[in-house]
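Scroll down for the structure; my scribbles are underneath it.
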Amino acid sequence: MTRTLLAGALAAGLSGGAFAQQGVTDTEVVIGSNGDLSGIFAPFNVQAIKAAQLRFDQQNEEGGVHGRKLRLVTEDHGYQLPRAQANFNKLVNSDKVFAMILNLGTPMNLAGYQIMDRVKVANISPLTSAKALLEQDDPHGLHYLAGSSYYDHLQQGVAYLAESEGAQNICAMYIPSDFGKEIQNGAKDKAEELGLNWAAETTHKPDEQEFVGALTKLRDAGCDTVALALGVRQIIITLGTARKLGWNDVNFIGSSAGFHEAIASQPFADGYYAAAAWADYKPRLDTPEVKEWYDAYKARYNEEPGMAAILGFGAAETVIAGLEQAGPELTPESFREGMEKVQFHDAVGDVEVTYGPGDRQGGDVIVISRVEAGEFKEVARVTADGSEVPERASAGEKAVESAN
């Protein structure tokens, strides 16, 4: 009887498949996401989740991956670290997710690793470009950053403005978190490397909404270039306030966290720069893959996709590619081996995504864009060391090549 009961218990434990793996059954893989759906970075997170869900639904309609449907479970931390930690505990220990995507916030992801790593939950394409995430101890090889870092964004952004705009006096406005400090460090280190003057800096709370004093201080310090590490709404207020103060002989530059259509659409935003790990899709709507994605998103949600949707699509595509390469016997180890084989062109973000043994960063380009007439226009594309990326064929040329 004891042997029979033990056999029954083992059978029950393995009923989801031939092995007991958290978040995996014969018919389903559970993917989690812990982001900011109501706080200062909600403009990034909400559309990213919508785009990821759309891509997962499309894959599920085709039968999923190796016969397993993809189920996305999301939680909102409102850019509050205590809430983020509670959400990680719920998603990992109660919802039993297999992997996580689009976790927003540098401090939140760093804290979440302590929970995710205990049970080998992969963290894929978080909504942060902090290099600290790749520098963090990665005991199971399951930390995956989508592209280039905040630090590299501002390094190359400042270098570009020094060459193209004659920038001399570099400054920063930033939230003094891991996120903000990395952007400030990137700008300051490049300024010192180029022999430029680090003129002044101001720090701000995540919910701060008044910047007259800070901008007056920076203008009085003679800043001609200001690196921004603030929330999307904060950047909008900063740009609008600068114009109201009549401060027009200054360039503001953000990182990927400040590369958002809500900023570009403001009537006073022309001239604002952003350095990011992907390109805006709007200039490439004549590319069939981009147009198909755009139409599907708009039909599903009755709104145009924005920058965040680009990231959501890329994250979902990366997860699907990793699961496909992992094979039907899905474990953290097989997923890691699968991710090391992932290589594809992200047509929506217009970047090459490549992972490999020991390589946990999918892309390495930095796309520098400038707001013109309400849209981001790409002005330069370089690698982290400043090398120019070879000129790419236009969308029309690519279509002709494909037809031939």
Item checked: N-O pairing of Asp280 and Lys377 below 4.0 Å -> no
Next item on the list: List the steps, then state whether ring-ring contact (aromatic ring centres under 6.0 Å, His included) holds for Phe179 with Phe41.
Entry: CA-CA 12 Å; Phe179 152 70; Phe41 289 108; 5.7 Å; yes
Notebook entry, point to check: Any donor-acceptor pair under 3.5 Å linking the side chain of Glu208 with the backbone of Lys205?
Noted result: yes
Next item on the list: Sequence neighbours left out, what pairs pass disulfide bond (SG atoms under 2.5 Å apart) with at least one residue falling in residues 229-280?
Entry: none
Next item on the list: Sorted by first residue and then second, give each disulfide bond (SG atoms under 2.5 Å apart) pair with at least one member in residues 212-317; sequence neighbours left out.
Entry: Cys171-Cys223
Checklist line | CG on Asp178 to CG on Leu110, rounded to 0.5 Å | finding: 5.5 Å
Notebook entry, point to check: Could Arg68 and Glu28 be called an ion pair, given the rule that one side-chain N must be under 4.0 Å from one carboxylate O?
Noted result: no
Notebook entry, point to check: Would a distance-only check, ignoring hydrogens and angles, find a side-chain to backbone donor-acceptor pair under 3.5 Å from Glu210 to Val212?
Noted result: yes
Next item on the list: Tell me, with the steps shown, if Arg370 and Glu375 meet salt bridge (charged side-chain N to carboxylate O under 4.0 Å, His left out).
Entry: CA-CA 8 Å; Arg370 184 177 187 270; Glu375 290 187 2; over 6 Å; no
Next item on the list: Could you tell me the separation between the CG atom of Asp295 and the CH2 atom of Trp293, rounded to the nearest 0.5 Å?
Entry: 10.5 Å
Item checked: Separation between CG of Leu54 and OH of Tyr297, rounded to the nearest 0.5 Å -> 8.5 Å
Note to self: For Lys90, give me all partners under salt bridge (Lys or Arg N to Asp or Glu O under 4.0 Å), at least two apart in sequence or on another chain.
What the structure shows: Glu75, Asp95
Next item on the list: Before accepting this row, confirm whether a basic side-chain N of the pair Arg381/Glu388 lies closer than 4.0 Å to the acidic partner's carboxylate O.
Entry: no
Check: Charged N to carboxylate O under 4.0 angstrom, Arg336 versus Glu333?
Finding: no
Checklist line | Qualifying ring pair (Phe, Tyr, Trp, His ring centres under 6.0 Å) pairs with a residue from residues 204-232, counting only residues at least two apart or across chains | finding: His204-Phe211
Check: Of the options Thr383, Val382, Val365, which is the one that meets Gln156 in a side chain to side chain contact (heavy atoms under 4.5 Å, CB included)?
Finding: Val382
Check: Hey, which of Thr238, Ile236, Ile183, Ile237 is the one that makes side chain to side chain contact (heavy atoms under 4.5 Å, CB included) with Leu230?
Finding: Thr238
Next item on the list: Sort and list the pairs that fulfil disulfide bond (SG atoms under 2.5 Å apart) and have at least one residue in residues 285-336, not counting sequence neighbours.
Entry: none
Item checked: Heavy-atom neighbours of Glu289 CD exceed 12 at 6.0 Å -> no
Note to self: Applying the side chain to side chain donor-acceptor pair (under 3.5 Å) criterion to Asn109, which one of Asn123, Thr128, Asn34 satisfies it?
What the structure shows: Asn123
Item checked: Plane angle bin for Tyr150 and His153 - parallel if under 30°, tilted between 30 and 60°, otherwise perpendicular -> perpendicular
Notebook entry, point to check: If we only count heavy atoms from C-beta on, is the His143 to Leu133 side-chain gap below 4.5 Å?
Noted result: no
Checklist line | Pair Glu340 + Arg360: basic N to acidic O under 4.0 Å | finding: yes
Notebook entry, point to check: Any donor and acceptor pair, going by atom type alone, linking the side chain of Asn103 with main-chain N or O of Ser33 inside 3.5 Å?
Noted result: no
Check: In terms of the angle between their ring planes, are Tyr294 and Tyr281 parallel, tilted or perpendicular, with boundaries placed at 30° and 60°?
Finding: tilted
Next item on the list: Would you please test Glu303 and Lys50 for salt bridge (charged side-chain N to carboxylate O under 4.0 Å, His left out) and show each step?
Entry: CA-CA 11 Å; Glu303 65 182 19; Lys50 287 181 176 180; 3.1 Å; yes
Note to self: For the CD atom of Gln59 and the CD1 atom of Ile320, what is their distance to the nearest 0.5 Å?
What the structure shows: 4.5 Å
Notebook entry, point to check: Can you pull the disulfide bond (SG atoms under 2.5 Å apart) pairs that have at least one residue in residues 288-321, sequence neighbours excluded?
Noted result: none
